[in-house]
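This report refers to the structure that appears directly beneath it.
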Amino acid sequence: MSSLTEVNWTPLPVPWAVQAVDRIPKQRYYDEEFYALEAELFWPRVWQMACRLEEIPARGDFVEYEILDQSIIVVRLDDDNVRAFYNSCRHRGMKIVEGSGSRRSFVCPFHGWCWGLDGANTFVLRPEVFDESNLGADDLSLVPVRCELWGGCAWINLDDGASPLRECIEPFASKHDEWKVGALRTEWWKSCLLPVNWKLATEAFMEGYHVPQTHPQLLPPSHIRKASPVHPIIETSLHFMRTLGSGMGGMTHENDVRIAEGLQNISLPDDPVEAMAGWRGAVNDAVTKWHRARGCDFPDLNDLDRRGVIDPIGFCFPHYFILPTYSSASSYRIRPLGPEETLFEIWSLTRYPGDRSPGKPTPPEPLAPDDPSWPTIPAQDFSNLPRQQKGLHAKGFDFMRLSTQIEGLISNFERVVDGFLAGLPYEQLVGSIQKTNTTIDVPVADLGLSERVSSEVR
């Protein structure tokens with residue numbers, strides 16, 4: 001069966017370009033030339049989540065954010081201001097800091113040149129031995145990097161001409177603001193070294209089509225006890241909550257599971273649709289009341305549900321996910337380390353009394369994808385990815401063939417990557433970026449980057 005779907009797409013002039021919206025060339029996931037183009041034309045131009053603000057709670061707290069060969073210092077100046085600078089001494093290029101920590105000033109470990117937290121140079125050893133033309137105050141300041149705050153995170157962009165952060169993360173930002181995402185705090189933080197391309201790792205979470213085969217435990221269960229006094233809809237829901245949250249913290253937080261378990265004996269209507277709505281409403285209401293009673297800045301979950309504000313998964317171009325469920329969330333960040341190597345980070349984010357952080361989160365030591373400490377859900381995803389990366393090299397495989405109905409986000413994402421590699425201006429890219437800042441399982445979108453063509457849905 002085939003049908004014709006019209007989309008606005010003409011291939012852009014880049015190597016291994018997306019020619020048809022439902023076919024992604026395999027070379028994009030391992031070709032060194034393509035990866036080099038991304039390093040030159042893509043990553044220096046996109047907004048990236050550099051750190052969570054709990055990592056830098058006090059004046060002078062800093063983190064080093066690394067993307068490919070670029071190292072950025074992100075430092076807190078005061079309650080409201082966070083700045084970012086290239087992590088490079090203005091004398092001979094020495095990296096000034098590594099990792100994270102706290103400083104009253106920055107001191108180069110090579111020759112002792114110093115800078116304030118605002119990046120202004122405060123000391124040069126023996127300035128009289130330098131020509132005055134090399135000691136201009138502005139020229140000696142650490143070179144700034146654009147840095148803006150949203151959602152409990154600091155974001156950086158190496159492109160001074162890029163559109164503002166907020167424009168580039170809508171409508172993802174407004175949706176999650178209504179859910180009070182900025183009040184979430186880190187419960188735990190883990191990372192994985194994956195032997196795969198960063199786009200492959202990202203796209204694994206852009207569709208739910210893989211769930212029945214990869215995560216069978218999440219399917220409607222055959223586990224219901226026939227003699228159980230608990231309504232089958234409630235029993236099914238509690239099973240799903242417990243399974244989704246097993247080892248995953250914010251994916252369904254144990255606080256919310258306990259709240260729901262306390263409601264399991266409520267009566268529900270006979271009609272299954274009404275019963276599901278009644279159960280969902282009762283849990284939303286109880287979770288909302290419980291967290292507000294703890295002094296949390298917490299939304300009315302039933303109001304958000306009625307208005308269809310929050311989705312189970314939200315993607316923020318190019319490398320960030322939030323998976324909100326009731327009060328809490330899992331969050332993912334993906335970064336390339338090589339054509340076929342990726343750093344994949346997972347946060348469990350939840351809410352604490354008064355929205356206070358339990359303390360600075362400790363940066364994790366990356367684990368292997370088969371490390372036995374991984375919870376079930378990421379372990380299942382991580383077991384697929386290295387096999388998929390190897391399979392892409394098969395001489396008998398040329399391209400991914402996508403469903404234009406439910407794998408459209410992958411196509412939309414890859415075509416926006418092409419827009420960057422083709423050097424399109426930001427004013428042309430912003431609208432297409434926003435069309436990728438969506439939930440998963442969406443159709444192929446008209447990105448407004450090219451002329452109208454047709455693609456056959458196979």
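Any value given below was found using the heavy atoms of this structure, including those in side chains, with hydrogens, waters and symmetry copies removed.
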Query raised in the report: Would you find more than 12 non-hydrogen atoms of other residues, nucleotides or ligands less than 6.0 Å from Arg307 atom CZ?
Result: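 Yes.
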Query raised in the report: Counting only heavy atoms not in Lys360, do more than 12 fall under 6.0 Å of its NZ?
Result: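 Yes, enclosed.
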Report task. Say whether Glu167 and Tyr426, considering side chains only, have a donor N or O and an acceptor N or O under 3.5 Å apart. Result ->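 The criterion, which ignores hydrogens and geometry beyond distance, is not satisfied for Tyr426 and Glu167.
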Requested in this report: Using only heavy-atom distances, determine whether the side chains of Trp290 and Asp256 contain a donor-acceptor pair under 3.5 Å.
Outcome: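 There is no such pair between these side chains.
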**Report entry** Parallel, tilted or perpendicular: ring planes of His215 versus His210, cut at 30 and 60 degrees
**Finding:**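 Correct class here is perpendicular.
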Query raised in the report: Relative to the ring of Phe315, is the ring of Phe317 parallel (under 30°), tilted (30 to 60°) or perpendicular (over 60°)?
Result: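 Ring orientation, 0 to 90° scale: perpendicular.
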Query raised in the report: Considering all heavy atoms of both residues, which atom of Ile322 and which atom of Ser331 are nearest to each other, and what is their separation?
Result: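 Heavy atoms of Ile322 and Ser331 come nearest at CG1-OG, 4.4 Å.
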Requested in this report: Please report the closest heavy-atom contact between Ser191 and Leu343, naming both atoms and the distance.
Outcome: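 Where Ser191 meets Leu343 most closely, the heavy atoms are CB-CD1, 4.0 Å.
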Query raised in the report: Are Arg280 and Tyr326 in a cation-pi setup, meaning NZ or CZ lies under 6.0 angstrom from the ring centre and within 45 degrees of the ring axis?
Result: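 The answer is yes; both the distance and angle limits are met.
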Query raised in the report: Is it the case that Arg23 places NZ or CZ above or below the six-membered ring of Trp9, under 6.0 angstrom from the centre and within 45 degrees of the axis?
Result: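 Arg23 over Trp9 ring: no.
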Can any side-chain N or O of [X] pair as donor or acceptor with the backbone N or O of [Y] at less than 3.5 Å?
X      : Y      : answer
Asn284 : Asp305 : no
Gln27  : Trp16  : no
Glu32  : Pro339 : no
Trp347 : Gly250 : no
Glu254 : Gly245 : no
Lys26  : Phe397 : yes

**Report entry** Interatomic spacing from CZ in Phe413 to OG in Ser432 - rounded to 0.5 Å
**Finding:**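 Here the interatomic distance stands at 12.0 Å.
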Query raised in the report: Once you round to the nearest 0.5 Å, how far does CD1 of Ile334 lie from NZ of Lys199?
Result: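 That separation rounds to 12.5 Å.
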Query raised in the report: Would Trp198 and Trp43 satisfy ring-ring contact (aromatic ring centres under 6.0 Å, His included), going step by step from the backbone distance to the final call?
Result: CA-CA 12 Å; Trp198 74 276; Trp43 287 105; 4.7 Å; yes
Query - ring-ring contact (aromatic ring centres under 6.0 Å, His included) assessment of Phe344 paired with Tyr332 - result: CA-CA 7 Å; Phe344 193 104; Tyr332 304 155; 5.2 Å; yes
Query raised in the report: Are Tyr29 and Tyr35 close enough that their ring centres sit under 6.0 Å apart?
Result: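 They do not qualify: ring centres at least 6.0 Å apart.
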